[in-house]
A.B. asks: 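Can you read through this structure? Questions will come right after.
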Amino acid sequence: MFRSLSAIIIVLFITSCSQKTPTAQEIVDKAIAASGGAQIEHASIHFKFRDFYYRATRNKGLRTLERCTDAECQVQQDVIKDDGEFVRFRESAPIPVADSMKNRYANSVNSVHYFSVLPYGLNDPAVRKKLVDEVTVKGESYYRIMVTFAQEGGGDDFQDEYMYWINKENYHVNYLAYNYQTSDGGTRFREAYNERIIEGIRFVDYRNYKPEEQFPALTTLDNLFENNKLNLLSKIELENITVTICPDNC
């Protein structure tokens with residue numbers, strides 16, 4: 001009897017240990033891996049978004065982000081160098097840009113590239129991650145991860161807050177929400193769709209929703225979404241995606 005009881009206790013202990021909730025860092029690491037983070041680290045990614053053409057080159061820890069008005073990047077080209085410097089070229093020649101506009105242009109370029117390869121980027125030094133809880137959305141189980149930013153290294157929008165819904169089975173980010181303070185501020189909820197895998201990297205488009213309230217708690221947005229209480233504003237669609245894996249130099 002004593003041996004049987006001891007065996008049951010041991011089994012329960014092992015089971016409870018195996019079901020230990022992962023940390024926010026562990027969840028994000030798995031999400032980045034599941035979306036092709038290892039490939040993104042040494043790839044050249046090109047795509048069209050709305051009226052511009054974008055190119056991102058990451059290799060050996062270095063990164064260059066570009067936005068161009070034409071596919072060949074010959075007419076006008078905005079570049080964020082690895083050191084963060086913003087430069088604008090017109091017909092391959094650098095042109096002056098007012099200091100007051102450099103951050104605005106750089107933030108615009110960086111934002112598109114940031115969203116294009118999510119959740120890659122969530123391990124940047126300024127990112128602070130917290131596991132909020134676990135929820136069910138449309139019958140699937142998710143970890144809800146809150147992301148905030150340190151002021152140092154967090155950019156002009158360091159006060160913004162994000163929430164990511166990471167699928168517990170495949171670790172894909174299928175929903176995200178954020179609030180922002182610029183231009184009077186607001187809140188958005190995005191639903192991923194049109195998943196495609198290119199050279200091992202997961203790309204998605206988003207349906208972009210707006211709640212009636214300006215700043216609802218981010219934790220309420222999945223419930224509002226399921227109950228059709230969000231207004232569809234736009235679609236975030238990446239076109240003509242090409243990926244070149246660069247084992248040496250891109």
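Since we're looking at a predicted model, the values are computed, not measured. Only this structure's heavy atoms are used, side chains among them; waters, hydrogens and symmetry mates stay out.
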A.B. asks: Is it true that atom CZ of Arg63 has more than 12 heavy atoms of other residues, nucleotides or ligands lying nearer than 6.0 Å?
C.D. replies: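 Counting other residues, nucleotides and ligands, CZ of Arg63 stays at 12 neighbours or fewer.
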A.B. asks: Using the ring of Tyr206 (Phe, Tyr or Trp, six-membered ring only), decide whether Arg188 places NZ or CZ under 6.0 Å from its centre and within 45 degrees of its axis.
C.D. replies: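 Ring-cation test returns no.
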A.B. asks: Looking at side-chain heavy atoms only, is the closest gap between Lys30 and Pro22 below 4.5 Å?
C.D. replies: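 No, their side chains stay 4.5 Å or more apart.
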A.B. asks: Would you call the rings of Tyr162 and Phe149 parallel, tilted or perpendicular if under 30° counts as parallel and over 60° as perpendicular?
C.D. replies: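 Perpendicular.
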A.B. asks: Are the ring centres of His113 and Phe47 closer than 6.0 Å?
C.D. replies: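 Yes, ring centres under 6.0 Å apart.
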A.B. asks: Should we count CD of Glu239 as having more than 12 external heavy atoms under 6.0 Å?
C.D. replies: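 It does: Glu239 CD has more than 12 such atoms within range.
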A.B. asks: Do the rings of Phe189 and Tyr175 sit parallel, tilted or perpendicular, given the 30° and 60° boundaries?
C.D. replies: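 The arrangement is parallel - the two ring planes meet at less than 30°.
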A.B. asks: Which residue pairs pass the salt bridge (Lys or Arg N to Asp or Glu O under 4.0 Å) test when at least one of the two sits in residues 34-56, sequence neighbours left out?
C.D. replies: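 Qualifying pairs, neighbours excluded: Arg55-Glu66.
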A.B. asks: Take atom CD in Glu85; do more than 12 heavy atoms of anything else shown fall under 6.0 Å from it?
C.D. replies: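 Result for CD/Glu85: enclosed.
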A.B. asks: Show me the pairs that pass salt bridge (Lys or Arg N to Asp or Glu O under 4.0 Å) and involve residues 113-125, at least two apart or across chains.
C.D. replies: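 Every candidate salt bridge (Lys or Arg N to Asp or Glu O under 4.0 Å) pair involving residues 113-125 fails, so no pair, neighbours aside, qualifies.
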A.B. asks: Would you confirm whether Lys129, through its side chain, and Leu122, through its main-chain N or O, come within 3.5 Å as a donor-acceptor pair?
C.D. replies: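 Checking the backbone N and O of Leu122 against the side chain of Lys129, a donor-acceptor pair under 3.5 Å is found.
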A.B. asks: Does anything in residues 196-209 pair up under salt bridge (Lys or Arg N to Asp or Glu O under 4.0 Å), and if so which pairs, sequence neighbours excluded?
C.D. replies: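 Those involving residues 196-209 are Glu191-Arg207, Glu195-Arg202, Arg196-Asp205.
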